[in-house]
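What follows is a set of notes on a single structure, which appears directly below.
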Number of protein chains: 2
Amino acid sequence: MSENHSAEQLFLKEYDVNQYVRPSVSVDMLLFTVTEEESENYRKRSDKSLKILLIKRKEHPFLGQWALPGGFVSANESIDEAAIRVLEKETGLRDVYLEQLYTWGDIGRDPRTRVISCSYMALINSDLYPLQPGEGAEDAKWFHVSDQWTQKKTTVTENGFMIEKWAELRLGSGTDEASATVKTTKIVEHGHSKVVQEIEKAHNLAFDHAKMIVYALERLRNKIDYTDIAFHLLPEYFTLSDLQQVFEVILGKELLAAAFRRKVADKVLETNHIRRNAGHRPSKLYRYNPQWDDEL
Amino acid sequence: MSENHSAEQLFLKEYDVNQYVRPSVSVDMLLFTVTEEESENYRKRSDKSLKILLIKRKEHPFLGQWALPGGFVSANESIDEAAIRVLEKETGLRDVYLEQLYTWGDIGRDPRTRVISCSYMALINSDLYPLQPGEGAEDAKWFHVSDQWTQKKTTVTENGFMIEKWAELRLGSGTDEASATVKTTKIVEHGHSKVVQEIEKAHNLAFDHAKMIVYALERLRNKIDYTDIAFHLLPEYFTLSDLQQVFEVILGKELLAAAFRRKVADKVLETNHIRRNAGHRPSKLYRYNPQWDDEL
DNA sequence: CCAAAAGTGTTCTCTATACACCCATGA
DNA sequence: TCATGGGTGTATAGAGAACACTTTTGG
């Protein structure tokens, strides 16, 4: 006990309690999955859709709006452990791909008190977690996500210039909808650049979670080509078309099959399994090749 | 006042004070620059060196060891603003390139009390901040940095395998030295992978700052090709050889001049200025082209 | 047969790499 | 003059984009 006491005293030498208020630290979880949409046509391939899990707030502030699942970091766990705990509470899943994204520390981001939030991205495949959009508990739902650049403006200033870009974020789950406009400003002055993000409009989306979602989508798009994150969104066995659809849904554009197959060739291993269900040529099933990257 | 009171009460509804102790949040600054080393030979080009600013600790714990500059986040500033403030206190500089890196939240990382640290990387050019290695205040010094992968081990486990890699971090400033070995473990099981980093040995380096430095070096290497970060390490006017040396110092390998010039051609603008000082053909001076990337 | 997707081959362009070569200077 | 770095041209190999084409199924 005296050891702890002296440790705390050592700490207080450098830490002025009057000036530095200890904030609350939370983790916010960006849980993504890719699901099949019902295919209306006769034997058309079913489209896939990128989904994110949101929870309906049952308290003020933002009562009734949608928010990312999250929780506070407690004294006896690391922030990574807090993220794992929050994820398990929300989905019941363990051993899921988790990645720290960014830490949000603006002053007024929680109107109640000072909260600093560390955001984590989790990727699961929908087979493992079969909660369907629109079903399940009323307060946790998978929302279809998409974002799109809608406007770009360049302004010349005295010492440089400024580029403003607006991203439109759209989320939907059955009749529930949420949306936001996030403005990203890049200011270049005296050869130095600075990037600032702000939420212009938010509809049904709590706190600054729109920024977090835009950030996560950006990260997903950036990493999908040179990492193995796409495989976390698929079951163990999948066709190359499945994989291609995951890429297309995340990148938001169509890809050519021939080039795609060559690009992912060394990330996958062919198996003996074959999927023969639809009205067309059956497809070989592949699995992830965990050794595709010799480096870490 | 009553508004604040009810806001706090709203907050306490979701926040169990007994379970969630509010930690201290600090920012730690990874301040890099590139300096010229004295060239010993007659008209050889002077080598460049990547430097990081470290501060000698004047308190327990880690008394006398070297640490990253840092400070606690106060109640009336965002964490970005805290980073700017810490940087200005340390260097007197404002309007410097700053980038949030990662947030470190392990339980025992500060032996005194629970501290969560958000690390920021700052890049400055040494002309702006002429503190020389070995000179200046005894307690703040530029250290030469380098890291190197020294060992790699692959082990097959029951449900997958495990790759361990060791990185040797070396820091030096005159007679002062610090070093550390950071082990990175990638565990692949059931098709899922997890990466863990730990410090195996640390000599003269305080806290978990060795991990932060290794992380920052990795980030620098990854971003230098597709962003403009290299230019923040150079003065406004520079030769293409200067730029190439910055790349070489960060990537830790030599590059071919012809290919390099073509690669950076659209990131720079030719100027009328010429540098004519050494015993060889004079070189054109270039400056950063802030519009090289049409996108953000 | 036919619609649809699975899967392959070919051509073209662009980029990175390697290397050879010339240029301009100050000592 | 010559050592040294500045700067350019060219040939080659590999990756990605575009597109044409064949294969295989269920209805």
Side-chain angles (χ1 to χ4, degrees), chain A residues 36-48 221 224-226 234 237-249 251-287 292-293, chain B residues 36-48 221 224-226 234 237-249 251 253-287 292-294:
Chain A
E36 309 252 331
E37 299 295 275
E38 275 96 89
S39 77
E40 58 306 328
N41 281 23
Y42 141 64
R43 56 182 151 182
K44 273 255 172 72
R45 188 173 60 172
S46 64
D47 277 334
K48 289 198 168 64
R221 275 193 292 268
I224 195 167
D225 273 327
Y226 66 93
L234 286 168
Y237 294 94
F238 51 83
T239 68
L240 291 185
S241 295
D242 290 339
L243 185 59
Q244 183 175 342
Q245 281 184 305
V246 168
F247 272 69
E248 288 175 340
V249 152
L251 295 174
K253 66 176 179 193
E254 306 218 321
L255 302 171
L256 287 163
F260 179 78
R261 281 157 179 272
R262 274 188 287 268
K263 192 167 69 176
V264 299
D266 52 349
K267 286 189 182 180
V268 296
L269 297 169
E270 202 177 314
T271 69
N272 296 324
H273 304 182
I274 283 176
R275 182 188 293 166
R276 37 173 76 259
N277 43 356
H280 55 76
R281 176 169 170 177
S283 42
K284 286 179 205 156
L285 291 176
Y286 291 77
R287 58 192 183 84
W292 72 275
D293 190 12
Chain B
E36 308 253 332
E37 300 294 275
E38 277 96 89
S39 76
E40 57 306 329
N41 281 23
Y42 139 65
R43 56 181 150 183
K44 273 255 171 71
R45 185 172 65 173
S46 64
D47 277 334
K48 288 200 168 61
R221 275 193 291 266
I224 195 167
D225 274 326
Y226 67 94
L234 286 168
Y237 294 93
F238 51 83
T239 67
L240 291 185
S241 294
D242 289 339
L243 184 60
Q244 182 174 339
Q245 281 184 305
V246 168
F247 272 70
E248 288 175 340
V249 152
L251 296 174
K253 66 176 178 192
E254 306 217 321
L255 302 172
L256 286 162
F260 179 77
R261 280 158 179 273
R262 273 189 289 267
K263 193 167 68 176
V264 298
D266 52 348
K267 287 189 183 180
V268 295
L269 296 170
E270 201 177 314
T271 69
N272 296 325
H273 304 183
I274 282 176
R275 182 187 294 166
R276 38 173 74 259
N277 44 356
H280 55 77
R281 177 172 170 175
S283 40
K284 287 180 204 153
L285 291 176
Y286 290 78
R287 59 191 182 84
W292 73 275
D293 191 11
D294 263 350

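Here the structure is a predicted model, which means the values were calculated and not measured. Protein chains get the first letters and strands the later ones, always in sequence-line order, with residue 1 at the start of each.
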Closest to the [X] side chain: [options]?
| X | options | result |
| --- | --- | --- |
| B/Ala258 | C/dG7, D/dC19, D/dG9 | D/dG9 |
| B/Lys284 | D/dG7, C/dT25, D/dA17 | D/dG7 |
| B/Ala259 | D/dG7, C/dT17, C/dA6 | C/dT17 |

Integer-rounded Å distance: [N] [atom2] and [X] [atom1]:
| X | N | atom1 | atom2 | value |
| --- | --- | --- | --- | --- |
| A/Phe238 | C/dA6 | CZ | C1' | 16 Å |
| B/Glu254 | C/dA16 | CD | P | 20 Å |
| B/Leu256 | D/dA11 | CG | P | 18 Å |
| B/Phe260 | D/dG6 | CZ | C1' | 14 Å |

N/O (side chain, A/Ser241) to phosphate O (OP1/OP2, C/dA6) under 4.0 Å: yes

Presence of A/Arg281 side-chain N/O under 4.0 Å of D/dT23 phosphate oxygens OP1/OP2: no

Side-chain heavy-atom pair A/Asp225, A/Lys263 within 4.5 angstrom cut-off: yes

Min side-chain heavy-atom separation B/Thr239-B/Leu285 under 4.5 Å: yes

Backbone N/O of A/Lys284 and side chain of A/Glu270: donor-acceptor pair under 3.5 Å: no

Along DNA chain D (nearest heavy atom to each residue), the more 5'-positioned of B/Arg261 and A/Pro282: B/Arg261

Side-chain donor/acceptor of B/Arg262 to base of D/dT10, under 3.5 Å: yes

Any residue meeting ring pair (Phe, Tyr, Trp, His ring centres under 6.0 Å) with A/Tyr286, in chain and number order, not counting sequence neighbours: none

